[in-house]
Amino acid sequence: MSKSSSDLLEQALALSAEDRVAIADSLMDSLNPQVDDDAEQAWRVEIRKRMADSDAGFLQTISWDEVQVRLKNAIR
């Protein structure tokens, strides 16, 4: 990663979660300009639902470390 890219990433990470999501969404769109609009809308609805469920405490989350352990065990 170039110095300017690293600087840009550092600035982006300092933004609010909402702004980071908007930037990430725009970057993903730029990589695949031929997006199925119906699929894209369905994913956005699903993501909003999952975020709302998480915010409301309906989901049980696990740490990234635990995810890694489970993945390693599943591969063995």
Side-chain angles (χ1 to χ4, degrees):
M1 185 180 298
S2 71
K3 172 77 170 122
S4 61
S5 296
S6 295
D7 291 344
L8 184 58
L9 176 60
E10 185 176 327
Q11 291 173 8
L13 292 173
L15 297 171
S16 69
E18 184 177 327
D19 287 342
R20 291 192 320 266
V21 167
I23 289 171
D25 188 42
S26 295
L27 288 171
M28 291 300 295
D29 285 347
S30 75
L31 295 173
N32 186 7
Q34 298 179 352
V35 175
D36 179 336
D37 290 334
D38 291 336
E40 185 72 16
Q41 181 59 28
W43 270 116
R44 287 190 174 146
V45 168
E46 181 64 22
I47 289 166
R48 285 187 187 107
K49 178 190 174 300
R50 290 182 189 196
M51 288 175 64
D53 286 350
S54 178
D55 290 345
F58 296 141
L59 303 178
Q60 180 180 7
T61 60
I62 60 174
S63 70
W64 175 240
D65 290 337
E66 179 63 22
V67 170
Q68 290 175 314
V69 167
R70 290 182 186 190
L71 287 171
K72 287 177 185 175
N73 289 337
I75 292 171
R76 294 181 192 176

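Computation of the quantities below employed the complete heavy-atom set of this structure, encompassing side-chain atoms and omitting hydrogens, waters and symmetry-equivalent molecules.
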Worksheet item: What pairs meet the side-chain hydrogen bond (donor to acceptor under 3.5 Å, both in side chains) rule with one or both residues in residues 61-76, with sequence neighbours excluded?
Response: E66-R70

Worksheet item: Among all residues two or more places apart in sequence or in another chain, which pass the salt bridge (Lys or Arg N to Asp or Glu O under 4.0 Å) test with D29?
Response: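 By the salt bridge (Lys or Arg N to Asp or Glu O under 4.0 Å) rule, D29 matches no residue at all.
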
Discussion item. Suppose we screen for salt bridge (Lys or Arg N to Asp or Glu O under 4.0 Å). Which residues come up paired with D19, at least two apart in sequence or across chains?
Written reply: none

Discussion item. Using a 4.5 Å cut-off between side-chain heavy atoms of Ile, Leu, Val, Met, Phe, Trp and Tyr, which other residues end up in the same hydrophobic cluster as L9?
Written reply: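 Besides L9, the cluster holds M1, L13.
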
Worksheet item: Which residues, ordered by chain and number, are linked to V45 in its hydrophobic cluster, where ILVMFWY side chains connect at heavy-atom gaps below 4.5 Å, directly or through other members?
Response: none

Practice prompt. Mind running side-chain contact (heavy atoms from CB on, under 4.5 Å) on R48 and M51 for me, showing each step along the way?
Written response: CA-CA 5 Å; R48 285 187 187 107; M51 288 175 64; 5.6 Å; no

Worksheet item: Within a radius of less than 6.0 Å around CD of E46, do more than 12 heavy atoms belonging to other residues, nucleotides or ligands occur?
Response: yes

Practice prompt. Taking side chain to side chain contact (heavy atoms under 4.5 Å, CB included) as the test, write out the residues that go with D37, two or more places apart.
Written response: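 Counting only residues at least two positions away or on another chain, D37 forms no side chain to side chain contact (heavy atoms under 4.5 Å, CB included).
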
Worksheet item: How many angstroms lie between NZ in K49 and CD1 in I47, if you round to the nearest 0.5 Å?
Response: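 Going from NZ on K49 over to CD1 on I47, the span is 12.5 Å.
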
Item to complete: Say whether, by atom type as modelled, one donor and one acceptor occur between the side chain of S54 and the main chain of R50 under 3.5 angstrom.
Response: no

